Every structure is written in structure tokens, then in C-alpha cells.
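Structure first, then comments.
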Amino acid sequence: MTERLVIIGGDATGMSAASQARRLRGPDELEVVVFERGRHTSYSACGIPYWIAGDVESRDRLIARTPEEHRARRIDVRLGTEAIELDIAQRWVRTRDRITGAEDRIGYDKLVLATGARPIRPPLPGIDARGVHGVQTLDDGEALLDTLTTAGGRRAVVVGAGYIGVEMAEALIRHGFEVTMVYRGPEPMATLDPDMGALVRTALCDMGVRVVGDAEVTEIRTDGDGRACAAVAAGQEYPADVVVLGMGVHPETDLARAAGLPLGAHGGLLTDIAMRVRGHDDIWAGGDCVEVLELVTGMRRHIPLGTHANKHGQVIGSNVGGGYATFPGVVGTAVSKVCGLEVARTGLREKEAHAAGLQFVTATIESTSRAGYYRNPSPMTVKMLAECRTGRLLGVQIVGREGAAKRVDIAAVALTAGMTVEQVTALDLGYAPPFSPVWDPVLVAARKTARAVWERG
């Protein structure tokens, strides 16, 4: 008897799960139906700022596999269709065509929730005005590019200073806009400690961005035609011909919540190590709609990244298809770039270490990407956290120029392995003057942090 797998969400997790399940089970054994509310499947949302900036030549370059390619592999992809109700007792999903409004109901034997995350869009006056854009989907990117080419002026306000915010600030600069970035915290990039975020602020200012911290946007003002014309924050008005929202995301779990599925403290679905929703043998979930195990503290966190989403899909597809796979957790590794500045982090910030009840030391060093005598060495700053007494590595942050960001992968492996900073100092890393000083910056930071652990006693 043919089983039916229904997948809600057709991007990284959903289509990875569909493809992997199809590899393991043919269409006579498993029918695969995917509902996607948008117009595209299997695309890189992370690449949208780089497409807008001009580093990616076209939208289609961001699409890994089209709906037609999936259908050719006997995966029934239904675009422009959103799931509006889920009955886990009767095992059916109610859907609605977003163009016609027609509703349908489909039963399932196995269900995958890959609903992703929704951008934070607070209910502010003017937030839905023309000229105000989020950057979450390919359709969002196309709409923003249209606005950039038709805007009557060249002033932009970016609300928020996370990864999307700083990447979009650069993209707007490259489109010839005067950019103001407004955000709530003391420094941009709240995923870094403030002392490291200050380095990002300096780079943004050097690029020509007007940076306004400790200011929360309370209103988007509009002109007589209903278009955004200014953002208001902390009593100040910042003129804008386009407003880009980059305030982060929440897990999209309204459907799951209404169905009574278990959610965590951050609003994401809770799953076991096989990505099966807790307490439900035939329902899986992955990607930006779930909370993941953070390995450094053993706590659950919402960490929306495409790297995790694709791995979740592979795990889910293997298990749905009759194989076996697990997802052990993450250490929170992320990288970004603004102009020529590379930004990376993994593990815990000071704030997170405090919240976990850990006692720790920190050390910060300045170094270069190559041997000092080799041409064009790039500066970088490395900050490291380690647990008192044990010396266990807790986190690393890196801000620098070319060759800085991917060094965070050394720390990510060390964190996953539970290494101490003393052990990190002995890592046998590759060395040649074009690639590194004889003591790699990560090793220098580990030596200084190990010394701080010893001095703290």
C-alpha cells in the first residue's frame, strides 16, 4: 500500500526531506506532496542581499532546483498554496490557494513541518506602507529591487543591525543610496559582544552609513500617496525613500500551535534527535521553525540558519524513507560580511555565558591573516571565552578583513569536541606565510585565554 508524505514548506528543509525520502522510496511506495505558499522552491534566502547588491547576477542563480525539476522526480509540488489547519488526530491538512481562495483537505500518513520563520514586523504606524520591505523570500527581493529602481529619491533607512541589516546596508550603498541604520542595542550585530560589535560600527561608518544606536523605531511616516517617507526613532525623524526591515525572525509555528504540538521557550517546535516532533511518531519538523540543542550549554535555542535547515531535511528524509539519521545539535556558528569586513562567531557570547550560570574568562588579541612580512596582511581581532577552572572553550568571535571569518571553523570544531583552550593551543594547523602567521590568530587567542584561566585559578 502506498503511503502519503505531506510536507508543508518547499524550501531548504522541506525539499531536502522530499528529495531524500524519494531517493530511498519509489513512487509506488511513497507519494510525496509538498505545499509551498510562495512561487519558488529550493532557493538560498541567505543569498538575497548579495543578489540585491549585484554580487549574484540574477534571481535564478539562487535557485538550486526548480519546481519542475522536483516534479520530474515524482514529487508533487503545489505552489501558491498555504496550509491553514492541521488535525493531528484525523491526520489531515486543510489548504488554501492564495490566488483563488479555494480550500482543500488532504490526508497524510507522515507529515513534515518545514514552515520556516517569519520576519519580525511590529505593529507600528506605517509599517505596511509602500516602500517598506522585508527581505525573506525571492519575491521580497524582487519587490525591493523594483522600489530601488523607481524610488523618487536616494535615501534609505535600515531598521535593525543584525546579519540582514548590515548586509542590506552595503547593498543599498552600492545602489547609490544614502543609508541610515537604526537599531535598539548599543552596537550593531547583537550576535557579538558589544566590544566586537563596535568594530562593525566603525566599518559601517567608514563605508558612509549613518549609524544610530540605542534607538527604537516607533513609526514609519508616509506622504500623501501613502508611501514611506521617514522613520521615527527616539523622537528623531530620518527621511527615507525606502525602508528595509532587518529586525530578525520568529519561528513560524502558528499552525503547529493551533494543532497542539509542543513548542519551546522561544516559540519553536520541539523535536527529538531524529527531528521527530516530541510525542508524535509520524510528524517531523526542521529548519527555522524548530528549536535546536545548543551543545555548549545543553539548552534549546532558536538559531535560524540555512546550514541547519538543509541538514534537518536530510535527517528527516532519511528517517521518513526508512533509513536512520540523527541531528546532534549545533554550536551556533555564523559568518557575515559588510563591505570588506568579515564577521564570525561561534559558541557563547558573554551575555549567554552569564545566562547559563557559567563563570568564565575572556581574552582579545589583534593579529593578521598572513605573516607580517608577506604582502597585504589583513588585520583581525579575535575574542575568546573559556570556562574558569576547567579551561573549556565556550565561544569565539572574529572581526577582520580578508581571511578572517572562516577561521571561526577551527573554533567550531573545537567547541563540538569539547576541547579546552590549552588543547586548542596545540592544534596542528596548516601554516605558510601566504595563509597565516606562524602562530595562527586563533592559537594566539587560545594561548592568551589559557593564561587567563591559569591566573584566575
Side-chain angles (χ1 to χ4, degrees), residues 8-16 34-53 55-56 58-64 67 79-83 98 113-124 127-148 156-172 181 183 190-191 217 220 228 242-256 266-269 286-290 302-310 312-313 334 336:
I8 302 174
D11 199 7
T13 297
M15 297 318 302
S16 293
V34 180
F35 294 105
E36 166 54 45
R37 67 194 309 271
R39 299 186 299 141
H40 307 282
T41 58
S42 301
Y43 63 87
S44 172
C46 301
I48 293 173
Y50 303 103
W51 163 40
I52 293 172
D55 293 321
V56 178
S58 71
R59 178 205 66 188
D60 291 346
R61 296 287 293 170
L62 298 178
I63 299 174
L79 300 178
T81 308
E82 59 184 340
R98 300 189 71 202
L113 298 173
T115 47
R118 63 180 183 274
I120 295 173
R121 201 177 183 102
L124 305 178
I127 195 74
D128 295 320
R130 286 184 295 132
V132 180
H133 294 269
V135 188
Q136 182 78 359
T137 67
L138 293 183
D139 291 343
D140 292 338
E142 289 179 328
L144 176 56
L145 281 171
D146 287 344
T147 295
L148 297 183
V157 171
V158 176
V159 183
Y163 295 111
I164 293 296
V166 298
E167 290 165 1
M168 287 308 307
E170 177 181 357
L172 292 165
M181 174 177 283
Y183 54 94
T191 54
V217 171
I220 306 296
V242 59
V243 176
V244 176
L245 305 178
M247 295 180 283
V249 297
H250 286 309
E252 181 58 85
T253 51
D254 288 349
L255 187 70
H266 306 281
L269 278 155
D288 293 355
C289 66
V290 306
H302 182 235
I303 305 178
L305 289 173
T307 49
H308 307 163
N310 280 281
H312 292 167
S336 186

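Since the model is a prediction, treat every value here as computed from it, not as a measurement. In what follows, residues are counted from 1 in the order of the sequence shown.
In this structure, H302 contributes its side chain and D288 its backbone to a donor-acceptor pair below 3.5 Å. Checked by atom type and distance alone, the side chain of T13 never pairs as donor or acceptor with a backbone atom of H312 at under 3.5 Å. Between the side chain of R59 and the backbone N or O of L138 there is no donor-acceptor pair closer than 3.5 Å. Side chain of T81 to main chain of L79: a donor-acceptor pair is present (N/O by atom type, distance under 3.5 Å, no hydrogens or angles). Remark: the backbone N or O of T137 is paired with a side-chain donor or acceptor of D140 at under 3.5 angstrom.
Looking only at side-chain heavy atoms (C-beta outward), I52 and L148 come within less than 4.5 Å of each other. Taking the side chain as every heavy atom from C-beta outward, P122 and M247 approach each other to under 4.5 Å. With a 4.5 Å cut-off on side-chain heavy atoms, V135 and E167 do not count as touching. Looking at V166 and S336, their side chains come closer than 4.5 Å, going by heavy atoms from C-beta outward. Considering only heavy atoms from C-beta on, L113 stays 4.5 Å or farther from T253 through its side chain.
Nearest heavy atom pair, residue G160 against residue M181, reads O-CG, 3.8 Å. Heavy atoms only, all atoms of each residue included: P49 and I164 are closest at CG-CD1, 4.0 Å. Closest approach of V243 to A228, counting heavy atoms only: CG2-CB, 4.2 Å. Here the closest heavy-atom approach between residue S16 and residue N310 is recorded as OG-OD1, 3.3 Å. Closest heavy-atom contact between G268 and P251: N-CG, 3.6 Å. Of all heavy-atom pairs spanning L172 and A156, the tightest one is CD1-CB, 3.9 Å.
The aromatic rings of H40 and Y43 stand perpendicular to each other, their planes meeting at an angle above 60°, with 30° marking the opposite boundary.
For E252 and R37, the salt-bridge test fails: no basic side-chain N is under 4.0 Å from an acidic carboxylate O.
Here the CZ-NE2 distance, from R121 to H250, works out to 13.5 Å after rounding to the nearest 0.5 Å. Atoms OH and CG, from Y50 and L62 in turn, are 11.5 Å apart once rounded to the nearest 0.5 Å. Atoms CE and CD1, from M168 and I48 in turn, are 9.5 Å apart once rounded to the nearest 0.5 Å. The distance from atom CD1 of I63 to atom CZ of R61, rounded to the nearest 0.5 Å, is 11.5 Å. Here SG of C46 is found 11.0 Å from OH of Y163. Values are rounded to the nearest 0.5 Å. Interatomic distance, D139 CG to R39 CZ, rounded to the nearest 0.5 Å: 4.0 Å.
Evaluation of the salt bridge (Lys or Arg N to Asp or Glu O under 4.0 Å) rule for D60 yields no partner, not counting sequence neighbours. Checked against ring-ring contact (aromatic ring centres under 6.0 Å, His included), H133 has no partners two or more places apart in sequence or in another chain.
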